[in-house]
Amino acid sequence: MVASYEVRLFGMWASPAVRRVEWALQLKGIEYEYIEEDLSNKSSSLLEYNPINKQVPVLVHDGKPIVESLVILEYIDETWKDKPILPVDPHERAKARFWATFVDVKCREEARKAFHMEGEEKENSIENLQVQLKALDEELEGKKFFSGDHIGYTDLVVGWMAFWLGVAEEAAGFKANHEAKFPHFARWIKDFLQEPVIKENLPPREKTVEFFCAFRQLGGCGKMNQK
Amino acid sequence: MQHRSHINFPQTLIHSQVKMAEGDLKLLGTWPSPFVLRIKMVLQQKGLSYEYLEQDLKNKGELLLKHNPIYKKIPILIHGDRSICESLVILQYIDENWSDIGPPLLPADPYERAMARFWAAYIDEKFVGSFWGILKAATEEAKAEKIADSFGVLQQLEGVFKKCSAGTGKGFFGGDTIGFIDVTLGSQLSWIKAVEKISGVKLLDKTKIPLLMEWEKRFLAIDFVKNTLPNVEKVVEYGRLLQATTWKVTPAK
């Protein structure tokens, strides 16, 4: 059992990248101190631990900072080897990492554009996002979760799409993720959100929609300060 | 006074000629791509034999489309019936699948692994954004901004190397042998030099980044690096072609 405060997580309540780190820590039973950051007024600690990107999440373990949520997830898995979240087989690991950059770079980019833009650009992004959703839907055929019978790394990383994509759709008035078009993905979302660690660690939906609406009204700034 | 220059880093000994036929290994790529070059370097470092297949990205072949239907990009490593895409994912696959041969690409310690992954991703992001940005810049102001960014990136990496090698006297980011950060950065070298020639800016300046320049010398001394990095003049020609055709930039003199 890890002593308290040996592990600290700097985060922001609405951020999916932060939540996925929390999910991983909780799945492994790692105790940690959570520090909420006001991203409009970043703490000196955050700036010291992440001078390059100045973003959350930042995991600090024994005083050493690790940044970028995907890097943090692998660090967690390699440091606390109980209850692994990544598969053992190198090819399966490669596939998991592939899907991670797919959802975090490609899907997120299209969702961001659909969220912020209007008119033809918005429509194009929605179309692109649907092509991506199709790929994810096909990947889930014959599997309960992306990682197999139990949730793992890939599920945690795709996790933003189980909750925050819906929030973004509501806040920005668009719909890409139609249940009828992507039935396996819809089923995965239901199962994923039922998992105890996930269910008990999501931001309040209405508050998150409000936050996204306000964020959208600020307009043009694109990224939340989180990775 | 200790002179480092005569110390023989064991790189050339370690990757000596244990060529193993590891079943069916194919690498799909294009000759100028740094993302492909790094795969070639690592396969050679591990002593793995493979078939290289040059791709025509304007006329993508069946094999490319079959093995990377989502991105339709290179590099792609085909290992038997497995396809692995994304260069940093491929590097880790090679490292993990053949962990028992050749030097490891990633360090053993989880924190150091995290640092290697972070900096490799940083290098790739900045390379595309800043260094190529110099070539893509449509105005003098945009160009100046990208040049300043690129200097910043190199300064940052100088600091990283200083930290990596502090007190150890090791020659590479990876220690005695080249590792994840070394191949990620090193595979960009021909392009960085091509950017220098096309833009007329000296980026690899030993007065500004002395440690990196020493690192570069050691890196380029490795046989399989020398054999892999493309000729800078060819890259210059290709870069100018991209400016004229794909990026539609009229380079200022």
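In what follows, every heavy atom counts, from backbone to side chain, and hydrogens, waters and symmetry copies are set aside.
To the nearest 0.5 angstrom, B:Arg113 atom CZ is 13.5 Å from A:Ile66 atom CD1. The NE2 atom of A:His61 lies 11.5 Å from the OH atom of B:Tyr111; values are rounded to the nearest 0.5 Å. The line from CD of B:Glu96 to CD of A:Glu92 is 12.0 Å long, rounded to the nearest 0.5 Å.
When heavy atoms are compared at a cutoff of 4.5 Å, B:Arg82 approaches chain A by way of both its backbone and its side chain. Contacts between B:Ser99 and chain A at a heavy-atom distance below 4.5 Å are absent for every atom of the residue. Using a 4.5 Å cut-off between heavy atoms, A:Val67 contacts chain B through both its backbone and its side chain. No part of A:Lys95 comes within reach of chain B, as not one of its non-hydrogen atoms sits under 4.5 angstrom from that chain.
Looking at B:Tyr122 and A:Asn53, their side chains never come closer than 4.5 Å, going by heavy atoms from C-beta outward. Here the side chains of A:Glu74 and B:Arg117 are in contact, with some heavy-atom distance below 4.5 Å. Counting only heavy atoms from C-beta outward, the side chains of B:Gln156 and A:Ile52 approach each other to under 4.5 Å. The shortest distance between side-chain heavy atoms of A:His91 and B:Asn97 does not fall below 4.5 Å. A heavy-atom distance below 4.5 Å is not found between the side chains of A:Arg93 and B:Gln92.
For the pair B:Val89 and A:Ala94, the tightest heavy-atom approach, listed with the atom from each and the gap, is CG1-O, 3.4 Å.
No close placement of the B:Phe118 and A:Tyr75 rings is indicated, their centers lying 6.0 Å or farther apart.
Residue A:His150 qualifies as open at atom NE2: its count of foreign heavy atoms under 6.0 Å is 12 or below.
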Given ring-ring contact (aromatic ring centres under 6.0 Å, His included), test A:Phe98 with B:Tyr93 step by step and report yes or no.
CA-CA 11 Å; A:Phe98 172 85; B:Tyr93 174 78; over 10 Å; no
